[in-house]
**Q** 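Sharing a structure with you now.
Sequence lines set the chain letters: A, B, ... in the order given, protein chains first and strands last, and positions in each chain run from 1.
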2 protein chains.
Amino acid sequence: MSSPMTQGAETDFIEGMGLILQGDGMPRIAGRLMGLFVLRGGPFSFNELAETLEVSRGSVSTNTRLLEDLGVIERVALKGERQDFFRLAADPYAQIIERKRVRSIRAQESIRRSADELTDAGPEAVARIGALGNFFGILAAATERALEDLEKTDGTTPSERITSDPSSLAAE
Amino acid sequence: MSSPMTQGAETDFIEGMGLILQGDGMPRIAGRLMGLFVLRGGPFSFNELAETLEVSRGSVSTNTRLLEDLGVIERVALKGERQDFFRLAADPYAQIIERKRVRSIRAQESIRRSADELTDAGPEAVARIGALGNFFGILAAATERALEDLEKTDGTTPSERITSDPSSLAAE
DNA sequence: TATTTTGTTCAATCTTGACTGAACAACATG
DNA sequence: CATGTTGTTCAGTCAAGATTGAACAAAATA
């Protein structure tokens, strides 16, 4: 069916998302959950998640809460069911970007605050510290625009329109 | 001199940069080095770095190379000196952003590749996977524009012009 | 009320990566 | 040549965080 290295396309996708999120400083299991929800949408019951991903209930609890806080998934109640169910949120990615933005702003502020303390810094030092603050300011501004781009395509249009190539922006 | 919690403004700044970089997935010592170079510019000798930051020579070697590869600092030779010296690079932040961009593109490609394998995915699944790829595309595009913004202010104008809040532009 | 189901919490374990310090090679100096 | 200096490498140690699994509280069920 597939190469001997691989375990099936769905598992590959889920594990791939695990690695991508891990590379971004999140728990691997959170990434696997996200992969599963992107792949199949849901809703999935709490126990289903633990069984499908072969992961402890403790991890399901911790990481569903994490993704819920991030706005990637949402907890839903199903009539006649006692278990919690989860499904992919309508707008799963907005808060991820917003979180990046906040981190840049925090860094920028922290630097600015430090700069104020450094009363005996020479003009070159002030310039270098200013440039560093500017750097984080640019990152914050970039994520802010990313947030706007995301709102444009939203969940409505599923196409993969945004690319590095500006020419593709006009399409549709 | 300062509050009993604190250790002097310069040390605070250096340690602060250590934490900021660590929060971005880099070694803490790399952040401290970066803080030191932003603060004082350099050039610093290899041994000076180890002594100032109270860190092993092994760590200095590893992390100066890391920052050198990232284009944050550069190795310089000083006449009559046997030790390596390092100073802050002219354009220290460009490659950091470029590196973020590449990571987003990699993720986007990885997802697109996976999507091709998933031949039996329904239309909703295709839409969700497309939206995920789009998300990483947006991140890539945002970092690309950040790179352009950075080139504008470059090292030439040291001011901190880019902010989320337009009102702060007039200040200073 | 006793039992079962469910999700959370937390101590213990495991994993990953950072950091150290000693060994080393290259090179300069005497 | 012998010695000292310099930067790199790598095995060992350490720390931070992720993950597990058992204990637990809350609530449904019988």
Side-chain angles (χ1 to χ4, degrees), chain A residues 14-36 42-70 72-87 99 103, chain B residues 14-15 17-37 42-70 72-87 99 103:
Chain A
I14 289 168
E15 292 302 320
M17 285 307 298
L19 293 178
I20 288 173
L21 275 263
Q22 185 174 52
D24 211 55
M26 316 219 61
R28 167 119 62 134
I29 293 182
R32 290 203 264 241
L33 283 165
M34 186 162 155
L36 180 61
F44 291 108
S45 77
F46 189 95
N47 285 321
E48 238 174 323
L49 293 174
E51 287 160 19
T52 306
L53 297 180
E54 296 177 70
V55 135
S56 75
R57 293 196 304 147
S59 288
V60 171
S61 177
T62 302
N63 287 285
T64 48
R65 181 147 33 83
L66 173 62
L67 292 179
E68 205 185 357
D69 290 348
L70 264 179
V72 173
I73 62 177
E74 53 194 13
R75 202 175 293 244
V76 295
L78 259 51
K79 85 165 181 184
E81 289 282 1
R82 288 177 57 185
Q83 282 188 66
D84 289 358
F85 281 71
F86 301 87
R87 68 167 172 230
R99 195 161 148 280
R103 208 155 44 113
Chain B
I14 290 168
E15 292 302 321
M17 285 307 297
L19 293 177
I20 289 174
L21 274 263
Q22 185 175 54
D24 212 56
M26 316 218 61
R28 168 119 62 135
I29 292 182
R32 290 202 265 240
L33 283 166
M34 186 163 156
L36 180 61
F37 281 103
F44 293 107
S45 76
F46 190 94
N47 284 322
E48 236 173 327
L49 293 174
E51 286 159 21
T52 306
L53 298 180
E54 296 177 72
V55 137
S56 75
R57 292 197 303 148
S59 287
V60 171
S61 177
T62 303
N63 287 285
T64 48
R65 180 147 35 85
L66 174 61
L67 291 179
E68 205 185 357
D69 291 348
L70 263 179
V72 173
I73 63 177
E74 54 194 12
R75 202 174 294 245
V76 295
L78 259 51
K79 88 165 180 183
E81 289 281 0
R82 289 176 57 185
Q83 283 187 64
D84 289 358
F85 281 71
F86 301 87
R87 68 167 172 230
R99 193 162 149 280
R103 206 153 48 109

**Q** Considering non-hydrogen atoms only, spot the tightest contact between B/G31 and B/M17 and give its length.
**A** O-CB, 3.4 Å

**Q** So does A/R82 reach the base of C/dT5 with its side chain, donor to acceptor, closer than 3.5 Å?
**A** yes

**Q** Ignoring the backbone of B/S56, work out which of C/dA18, C/dT20, C/dT9 is nearest its side chain.
**A** C/dT20

**Q** Let me know the distance between CG of A/L78 and C1' of C/dT6, rounded to the nearest Å.
**A** 15 Å

**Q** Does A/R99 CZ have over 12 foreign heavy atoms under 6.0 Å away?
**A** no

**Q** Taking the nucleotide of DNA chain D with the closest heavy atom to each, which residue, A/I29 or B/R65, is nearer the 5' end?
**A** B/R65

**Q** Once you round it to whole Å, what is the distance between C1' of C/dT5 and CG of A/N47?
**A** 9 Å

**Q** Do you know which two heavy atoms are closest between B/L67 and B/A30, and how far apart they sit?
**A** CD1-O, 3.6 Å

**Q** Between C1' on C/dT5 and CD on A/E81, what's the gap in Å once rounded to a whole number?
**A** 12 Å

**Q** For B/R28 and C/dG17, is the shortest distance between a side-chain N/O and OP1 or OP2 below 4.0 Å?
**A** no

**Q** Given B/F86, which partner from the list B/V76, B/I73, B/L33 fulfils the side-chain contact (heavy atoms from CB on, under 4.5 Å) test?
**A** B/I73

**Q** Going by the side-chain contact (heavy atoms from CB on, under 4.5 Å) test, name the single residue among B/V72, B/T64, B/L49 that passes it with B/F37.
**A** B/L49

**Q** Could you tell me the boundaries of the chain B footprint on DNA chain D, defined by atoms under 4.0 Å from its heavy atoms?
**A** D/dG4 to D/dT9

**Q** Let me know the distance between CD of A/E51 and C1' of C/dT6, rounded to the nearest Å.
**A** 13 Å

**Q** In whole angstrom, what separates A/E48's CD from C/dT6's C1'?
**A** 15 Å

**Q** How far apart are the closest heavy atoms of B/G35 and B/I14, and which atoms are they?
**A** C-CG1, 4.1 Å

**Q** Taking CD from B/Q22 and P from C/dT16, how many angstroms apart are they, rounded to a whole number?
**A** 19 Å

**Q** Pick out which of B/R75, B/R57, B/R65 makes a salt bridge (Lys or Arg N to Asp or Glu O under 4.0 Å) with B/D84.
**A** B/R75

**Q** Measure the distance from CZ on A/R57 to P on C/dT9 and round it to the nearest whole Å.
**A** 13 Å

